[in-house]
Amino acid sequence: MMNELVILKLKQIADILEIIGESVYKIRAYRKAVEALNLVTEDISVLVEEGKLKDIPGIGDAISTKIDVIVKTGDSYYLQKLTQEVPLEVTSLMRVEGIGGKTAGRLYQELGIKSIAGLEEAIETGALSKLSSFTEGKIEKIQRAIKFLKRGRTALPKIEKIAYGLREKLMQSKLLTKVDIGGSFRRRKSTVRDLDFHAIGKPENFEKAMKYFTEMEEVIDVIATGKLKTTVKLFNNMNVDLRILEEESDGAGLLYSTGARSHTIKLRTLAEKKELLLNEYGLYNKDKSKLLASETEEDVYAGLGMCFIPPELREDRGEIEAAMKNALPALITMEDIKGDLHTHTNYSDGKATLEEMIKGAEQKGWEYVAITDHYGKNKIYNPLDEEKLQKQKKELGKLVEEVEINVLHGLEIDIIKTGEIEVSKEILKEMDFVIASIHSHFDLPEEEMTQRILTALDNEYVNAIGHPTGRMFSKRADYGLNFSKIAKKCTQTNTWLEINAQPDRQDIDDHLVFDLKEKALIYIGTDAHYVKDYNFMQWGINVARRSWCEKKHILNCLSFKELQKMIK
DNA sequence: GCCGTTTTCGGCCCGACTGTTTTCAGTCG
């Protein structure tokens with residue numbers, strides 16, 4: 001899709017504008033457009049064709065014209081013109097923490113530094129220290145920042161233990177009365193870049209608490225430290241913010257810490273329209289003489305004329321407008337889940353026995369579970385063959401006598417390079433639930449990849465597409481797919497799309513589910529290989545909640561009877 | 001550059017920390 005290229009070019013334009021010192025509002029306009037486009041899952045080139053670009057808030061005449069050019073030519077004349085003044089490479093300097101547009105511009109103008117390598121060289125030769133305002137301390141800070149440049153995003157499940165551990169330690173200090181984790185962590189995003197701690201304490205303890213925070217053993221560097229706000233770097237390169245407030249600001253502070261920034265900005269703008277002022281301390285009247293609400297988030301939202309908005313929805317995606325009309329979705333919860341449709345046993349690459357997996361699902365209180373071991377030629381997964389399948393079937397027949405839970409005997413099969421399924425229809429038609437997934441050739445072009453799945457959808461015995469985009473946060477990006485085509489065909493063929501709840505996958509992504517939930521049939525599968533993996537369901541629930549899903553949108557919220565009727 | 005239930009022009013969220021700026025610009029969230 002074109003979208004990534006458009007977003008990249010607009011980002012580059014914003015960066016260059018910042019370096020050459022353009023109006024902050026113009027820069028903000030470009031950044032806002034980027035944010036808006038990040039939420040768009042349709043193909044931008046289609047929006048251009050249909051003339052719908054300007055329907056997106058934040059995109060007006062000038063930016064839509066620029067997008068038009070990017071879509072048609074693959075490049076931006078405007079950006080090319082800008083880069084005659086400042087080479088594009090200079091924007092890379094802004095990736096260094098503490099260096100913004102102004103500093104990057106100075107480095108280029110005064111020393112001709114264009115890249116991080118050039119910056120390192122200028123530090124080594126002492127050229128940088130000759131520049132005014134570049135003191136020894138500041139240069140040291142830049143050096144450390146360069147060392148830690150690689151700040152990627154981490155899958156939320158991977159950071160949860162560390163985050164709760166830090167919270168526990170902060171509480172143990174006895175210097176704080178309450179510690180919450182806000183930010184994208186609280187919004188339950190699939191990945192997080194940093195952690196935002198929101199704490200409550202007594203003013204006389206603020207400084208001691210900050211000192212305690214910066215001296216924790218997990219902290220390897222202190223980025224900034226004050227009485228009210230401190231930023232540190234953890235051993236894993238992740239930044240952690242701690243904001244301390246007094247008890248009366250708990251709600252307003254948590255709201256501020258949780259974000260998303262676009263959500264907060266929308267709320268503050270709304271407050272201003274109502275002749276009010278909103279900051280992390282509270283909601284005030286215009287001249288700040290009177291505090292109107294601050295103790296709980298509910299109070300602040302109520303003060304702005306809306307109901308409480310669950311953190312997962314706070315992205316400025318229409319949740320504020322919905323809350324004002326009291327029309328927020330009744331988000332799906334773990335209690336709504338009636339079963340799991342994607343699991344493995346040690347008949348293939350799972351680590352638990354068939355009995356353990358079935359009884360484990362029953363322990364979860366679920367009504368049903370589908371056992372979907374691998375079948376096929378890809379030896380990595382220790383797949384079933386006909387003989388092993390028959391043996392499993394026999395064992396399953398005995399086990400179902402011992403348990404209350406309903407068991408679907410299913411398979412996970414490979415979509416090979418051509419999109420074909422190599423398992424015979426005689427075998428497939430005997431199965432209760434068949435998931436087809438891509439396990440090889442991840443790097444084909446979008447059109448071929450899409451066609452591959454469309455071909456698989458032609459197989460009348462395929463019930464679902466497993467981990468549809470193939471992304472793994474620690475390994476590879478998603479392969480490009482045309483989801484409007486795929487969703488359409490899925491509906492036609494009654495084939496379901498999976499939200500794979502594996503921590504490293506969380507696939508399909510919440511942005512896609514947000515768009516597809518009314519157009520396609522979607523379920524959450526844990527892809528469990530151990531009994532404890534059933535707990536992965538929570539990551540799938542997160543994705544669904546962030547996508548505004550109610551239980552009606554997720555098929556494994558159906559009772560077993562209803563589910564059976566739905567399966568083709 | 002975007003936007004409009006006071007505005008098609010004149011605004012644009014708000015505040016903390018850093019550095020050397022003796023009153024504020026730059027950066028960040």
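Each chain gets a letter, A, B and so on, in the order its sequence line appears, and its residues count up from 1. Quick note: numbers below take in every heavy atom, side chains included, and nothing from hydrogens, waters or symmetry partners.
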Is there a donor N/O on one and an acceptor N/O on the other, under 3.5 Å, for the side chain of A/Arg268 and the base of B/dC14? yes
Please determine, for B/dT8, whether a Watson-Crick or G-U wobble partner exists with both distances under 3.5 Å, and give it or none. none
Just how far, in rounded Å, is C1' of B/dC14 from CD of A/Glu272? 11 Å
For A/Met324 and B/dT5, what is the distance between atoms CE and P respectively, to the nearest whole Å? 12 Å
Could you tell me whether the phosphate oxygens of B/dC14, OP1 or OP2, come under 4.0 Å of any side-chain nitrogen or oxygen in A/Thr264? no
Sugar-phosphate only, base, or nothing, as touched by A/Thr230 at under 4.0 Å among non-hydrogen atoms: nothing
Please work out if A/Ile223 contacts a base, only the sugar-phosphate, or nothing of the nucleic acid, heavy-atom cut-off 4.0 Å. nothing
Give the rounded distance in Å between these two atoms: CG of A/Leu93 and C1' of B/dG26. 16 Å
Sidechain N-carboxylate O distance under 4.0 Å for A/Arg186, A/Asp180: no
Whole-Å distance between B/dG1 P and A/Glu22 CD? 7 Å
Distance, rounded to the nearest Å, where A/Arg31 contributes CZ and B/dC28 contributes P: 10 Å
Under 4.0 angstrom between A/Arg28 side-chain N/O and B/dC13 OP1 or OP2: yes
I need the CD1-C1' distance between A/Ile142 and B/dG19, as an integer number of Å. 12 Å
When you compare B/dC3 with B/dT7, how far apart are their C1' atoms, in angstrom units rounded to a whole number? 10 Å
Using a cut-off of strictly less than 4.0 Å, decide whether A/Thr103 has a side-chain nitrogen or oxygen near OP1 or OP2 of B/dT27. yes
Base, sugar-phosphate alone, or nothing: which one does A/Thr225 contact when heavy atoms must sit under 4.0 Å apart? sugar-phosphate
For B/dG1 and A/Lys66 - does any side-chain N or O of the residue sit under 4.0 Å from the phosphate oxygens OP1/OP2? yes
How many whole angstroms separate atom NZ of A/Lys26 from atom P of B/dC3? 16 Å
Distance check, C1' atoms only: B/dG11 and B/dC17, in whole angstrom units. 28 Å
Measure from NZ or CZ of A/Lys517 to the centre of the six-membered ring of A/Phe514 and say whether it is under 6.0 Å with the direction within 45° of the ring axis. yes
Parallel, tilted or perpendicular for A/Phe185 and A/Tyr164, by the 30°/60° rule? perpendicular
Using a heavy-atom cut-off of under 4.0 Å over every strand shown, decide if A/Lys273 touches base, sugar-phosphate, or nothing. nothing
Side chain of A/Glu280 - closest among B/dC12, B/dC2, B/dG15: B/dG15
Scan side-chain atoms only and decide if A/Asn542 and A/Gln506 contain a donor-acceptor pair under the 3.5 Å cut-off. no
Is the distance from OP1 or OP2 of B/dG15 to the nearest side-chain N or O of A/Lys288 less than 4.0 Å? yes
Identified salt bridge (charged side-chain N to carboxylate O under 4.0 Å, His left out) partner of A/Glu97 from the options A/Lys147, A/Arg193, A/Lys233: A/Lys233
Select base, sugar-phosphate, or nothing to describe what A/Gly101 touches, counting heavy atoms under 4.0 Å on all strands. sugar-phosphate
